[in-house]
Amino acid sequence: MWGVVPPQRTAPREEDRGAPPTVRGPRGTSLRYAPRAVAATLGCALAALAVAVLLIGSGDYPMGPGAVLSALLGNGDPAQAFIVHELRLPRVATALTTGAALGLAGAIFQSLSRNPLGSPDLLGFTQGASAGVLTMIVLFGASGPAVASGAVGGGVATGLAIYALTGRHGAHGARLVLVGIGVAAILTGVNGYLITKAQITDAARAALWLTGSLDGRDWGEAGPLLAVMAVLVPAVLAGCARPLRILELGDDAARALGVPITRIRLGLLAAAVLLCAFAAAAAGPVAFVALTAPQLARMLTREPGPNLVPSLVMGAALMVAADFAGQRLFPGHQLPVGVVTGLIGGAYLVWLLAAQRRTGRL
């Protein structure tokens with residue numbers, strides 16, 4: 001007897017399962033993107049640029065956005081061109097690049113540590129850069145580029161120490177967080193001792209730098225960071241973004257998918273340490289930008305994974321917004337950008353810990 005043949009069930013297509021849209025490129029390449037993440041990233045970028053224009057136009061010689069844009073395009077009068085290009089643009093460029101570097105570094109550290117509290121502020125890298133600066137100021141009486149080189153050297157030395165203490169296969173997860181917190185505590189004591197041994201003038205200079213400030217920044221401070229970011233950002237996004245996302249699945253899954261775990265972790269750790277060190281050299285140890293930028297970016301995109309590009313853009317937006325608030329919060333008195341980010345970031349950290357406790361994760 002002939003029966004009825006049941007209809008064949010086929011696997012649903014990616015479009016039917018709600019997969020992210022895909023852009024097809026040449027030679028069979030493709031790029032998937034999440035529309036919400038793209039919109040959030042573009043929104044943060046536009047907000048950062050808008051605040052940057054307002055920041056350039058603010059000061060003792062106020063300028064409207066139209067005049068600022070005209071001067072940036074080379075169409076303003078000589079006085080406006082001098083004010084924009086020589087006095088205010090270097091400071092804003094330093095703010096944007098420092099925030100972007102800290103946001104990207106924070107996203108890398110939080111992904112490697114698998115902990116929302118994984119941040120250069122808490123893992124010892126900021127304290128290491130501060131120790132390098134204090135060494136140059138207190139012991140050698142240095143200033144200018146020598147101080148910046150001390151920040152870079154201190155940050156890199158701290159990164160090497162943490163990597164050595166965690167071990168070749170331990171530069172991730174809870175071990176990275178615990179070792180980083182211990183190193184941060186040691187360096188905090190060292191920095192306090194160096195401050196007590198300094199002369200009053202050196203101590204005042206060191207205290208100003210340790211606050212984190214953009215006052216008086218020129219292209220000499222922004223240039224090295226821009227050069228480093230021009231090399232590291234494409235390298236991280238092109239070579240390590242996908243392996244970093246796979247690493248969040250666990251070492252076994254990453255190894256099964258052919259990810260060179262040790263090499264990728266070492267490369268990401270080196271890139272994040274260099275970004276933090278050069279950011280500290282440019283603007284001082286600005287607090288909490290690296291902690292809050294990846295978290296806020298993830299809230300906006302609602303996407304899993306490290307969210308490297310949204311974190312980078314969010315960091316830039318937070319930095320220029322903090323600098324703008326520091327200049328406008330108290331008329332007649334300018335707050336260093338590190339004070340503003342410390343107030344906002346500290347409040348955010350308290351809220352984050354409370355939220356973690358409510359959900360039973362702490």
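Note: hydrogens, waters and symmetry copies are ignored here, and every other heavy atom, side chains too, is used.
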Please round to the nearest 0.5 Å and tell me the distance separating atom [atom1] of [X] and atom [atom2] of [Y].
X	Y	atom1	atom2	result
Leu72	Arg88	CG	CZ	11.5 Å
Ser311	Leu296	OG	CG	9.0 Å
Ile108	Ser113	CD1	OG	11.5 Å
Ile137	Gln199	CD1	CD	13.5 Å
Thr166	Leu178	OG1	CG	11.5 Å
Phe125	Ile162	CZ	CD1	3.5 Å

* Asked: Stepwise, does the side chain to side chain contact (heavy atoms under 4.5 Å, CB included) test hold for Thr97 with Met229?
  -> CA-CA 8 Å; Thr97 52; Met229 290 192 66; 4.1 Å; yes
Contact summary for [X] and [Y], nearest pair of heavy atoms:
X	Y	value
Gly155	Ala277	CA-CB, 4.3 Å
Gly118	Phe109	O-CB, 3.8 Å
Gly103	Ala293	CA-CB, 4.0 Å
Pro90	Val84	CD-O, 4.2 Å
Ala45	Val313	N-CG1, 3.2 Å
Ala281	Ala148	CB-O, 3.5 Å

Is there a donor-acceptor pair under 3.5 Å between the side chain of [X] and the backbone N or O of [Y]?
X	Y	answer
Thr126	Leu122	no
Gln327	Phe324	no
Thr341	Ala287	yes
Ser149	Ala146	yes
Arg36	Leu300	yes
Arg217	Ser213	yes
Asp202	Val138	no
Thr292	Phe288	yes
His85	Ala71	yes

* For residues Thr301 and Asn307, is any side-chain donor paired with an opposing acceptor at under 3.5 Å? ->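 Per modelled atom types, Thr301 and Asn307 side chains form a pair under 3.5 Å.
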* State whether a side-chain donor-acceptor pair under 3.5 Å links Ser111 with Glu248. => yes
Consider only side-chain heavy atoms of I, L, V, M, F, W and Y, link residues closer than 4.5 Å, and tell whether [X] and [Y] are in one cluster.
X	Y	value
Phe82	Ile56	yes
Leu102	Leu225	no
Leu87	Leu214	no
Tyr61	Leu55	yes
Tyr193	Leu187	no

Would you check if [X] and [Y] make a side-chain contact, meaning some heavy-atom pair closer than 4.5 Å?
X	Y	answer
Arg298	Pro304	no
Leu96	Met319	no
Leu244	Leu112	yes
Gln110	Pro306	no
Leu134	Val190	no

* Asked: Run the side chain to side chain contact (heavy atoms under 4.5 Å, CB included) check on Val309 and Leu312 step by step: do they pass?
  -> CA-CA 5 Å; Val309 176; Leu312 181 150; 5.6 Å; no
* Please lay out, stage by stage, how Tyr163 and Leu266 fare under the test side chain to side chain contact (heavy atoms under 4.5 Å, CB included). => CA-CA 9 Å; Tyr163 183 76; Leu266 180 59; 3.8 Å; yes
* Salt bridge present between Asp323 and Arg91 (N-O < 4.0 angstrom) -> yes
* Taking it one step at a time, do Thr158 and Leu123 satisfy side chain to side chain contact (heavy atoms under 4.5 Å, CB included)? -> CA-CA 10 Å; Thr158 303; Leu123 299 182; over 6 Å; no
* **More than 12 heavy atoms of other groups within 6.0 Å of Ile200 CD1** => no
